[in-house]
Amino acid sequence: MTALATILKSGANELGIALSPNAVAAFGAYYRLLDAENHRQNLTALSGVDEIARLHFLDSLALLRFAAFDAARVIDIGSGAGFPGLPLKIAVPSIDLTLLDATDKRVQFVENLCAELEVPAECLHARAEELAHEPQYRESYDIVVSRAVARLPELCELCLPFVKPGGVFLAMKSADSDTEIAESRTAIETLGAEFPPSCADYTIPGGDLRRVVVIRKVSPTPATYPRRFAKIKRSPL
Ligand code: SAM
């Protein structure tokens, strides 16, 4: 067994997640393609089997414990090199996945990666605050996921318009995000979700304590949101 497979299998066990042999093989190919491309362009600051396995793959997979992903329509906002959306799809192939990022080279990378891995996903080069006004995408996802994109008040405005009422937004944050969460109250309530969100802290196998903020959408987001990015940054809700 490769070092990557060993870390993934024992980490998945620790997280209580089942990984098929096909999924483990796909993560091997994902690692090789990410590592090769990272030498050409800077896709991720992390490198090496241990960091990529734990801080990208297992951290992404930890989300599986916090929502019902089977056959869910899922969008990853600001997916970069595919995290957390692509590892979720590799582990749960029934997910209907969209990966969205504003940086073209990252979208091209995940598009090629999905083709190589034979993992179907819609890969979109767009800004979240613009795409969220398109009827085809607005309020059409069961689950929205996002990691390392913006502070929670701004991130809620980018992400909650994509969530169906009754659906959920999983924001991946550090475990010391209490202040950030408290400061998101107006954004969460204005955009049609429930405050306070529930928070679940988990340890990345062999890594840090992390937090998933689980934000439930209960009513439609007013049509005026999201605003233009400059406005979101200048005066967060
Ligand atoms: N989520 C990945 C991860 O955890 O490895 C990538 C994180 S990277 C620090 C942030 C990504 O969010 C970048 O690829 C950037 O292009 C994207 N991004 C930032 N603002 C965005 C927006 N308004 N719409 C779409 N993508 C955005």
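Each ligand, and each atom within it, is numbered from 1 in the order the structure gives. Just so you know, these numbers use all the heavy atoms, side chains as well, and skip hydrogens, waters and symmetry mates.
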Exercise. Determine whether the side chain, the backbone, both or neither of A150 has a heavy atom under 4.0 Å from any heavy atom of ligand 1.
Key: neither
Quiz item: Any N/O of D76 closer than 3.5 Å to an N/O of ligand 1?
Solution: no
Quiz item: Does the side-chain hydrogen bond (donor to acceptor under 3.5 Å, both in side chains) test come out yes or no for N22 and S20, once each step is laid out?
Solution: CA-CA 5 Å; N22 278 352; S20 69; 5.3 Å; no
Exercise. Take Y141 and T98 through the test side-chain hydrogen bond (donor to acceptor under 3.5 Å, both in side chains) and record every step on the way to the result.
Key: CA-CA 9 Å; Y141 292 90; T98 302; 3.1 Å; yes
Practice problem: Starting from atom 2 (C) of ligand 1, locate the nearest protein heavy atom and write down its residue, its atom name and how far away it is, to 0.1 Å. | Solution: F83 O, 3.3 Å
Quiz item: Can you tell me the protein heavy atom closest to atom 23 (N) of ligand 1 and the distance?
Solution: E129 OE1, 2.9 Å
Self-check item: Backbone N/O of E180 and side chain of S177: donor-acceptor pair under 3.5 Å
Solution: no
Quiz item: Would D201 and R211 pass as an ion pair if we require N to O under 4.0 Å?
Solution: yes
Quiz prompt | Proximal candidate to atom 1 (N) of ligand 1 [heavy atom criterion; set G78, S60, S146, G80] | solution = G78
Quiz item: Can you tell me the protein heavy atom closest to atom 13 (C) of ligand 1 and the distance?
Solution: R106 NH1, 3.3 Å
Self-check item: Side-chain (S146) to main-chain (I77) donor-acceptor, under 3.5 angstrom
Solution: yes
Self-check item: Nearest-neighbour protein heavy atom for atom 4 (O) of ligand 1, which is reported as residue plus atom name and distance
Solution: R147 NE, 2.7 Å
Quiz item: Between the side chains of D101 and S79, is a donor N or O closer than 3.5 angstrom to an acceptor N or O?
Solution: no
Quiz item: How long is the span from the CD1 atom in I188 to the NZ atom in K217, to the nearest 0.5 Å?
Solution: 12.5 Å
Self-check item: Close side-chain approach of P87 to H56, heavy-atom, < 4.5 Å
Solution: no
Exercise. Name the closest protein heavy atom to atom 8 (S) of ligand 1, giving the residue it belongs to and the distance to 0.1 Å.
Key: A148 O, 3.7 Å
Quiz prompt | I77-ligand 1 polar pair, N/O distance under 3.5 Å | solution = no
Quiz item: Will you find, in the side chains of N112 and E116, an N or O donor that is under 3.5 Å from an N or O acceptor?
Solution: no
Self-check item: H56-ligand 1 polar pair, N/O distance under 3.5 Å
Solution: no
Self-check item: More than 12 heavy atoms from other groups under 6.0 Å of CD on Q41
Solution: yes
Quiz item: Based purely on interatomic distance, does P84 place a nitrogen or oxygen under 3.5 Å from a nitrogen or oxygen of ligand 1?
Solution: no
Quiz prompt | Identity and separation of the nearest protein heavy atom to atom 26 (N) of ligand 1 | solution = A102 N, 3.2 Å
Quiz item: Between A128 and ligand 1, is there a nitrogen or oxygen pair with a distance under 3.5 Å?
Solution: yes
Quiz prompt | For atom 15 (C) of ligand 1, closest protein heavy-atom neighbour | solution = D101 OD1, 3.5 Å
Practice problem: Select the closest option to atom 19 (C) of ligand 1 among L158, V145, V149, judged by heavy-atom distance. | Solution: V149
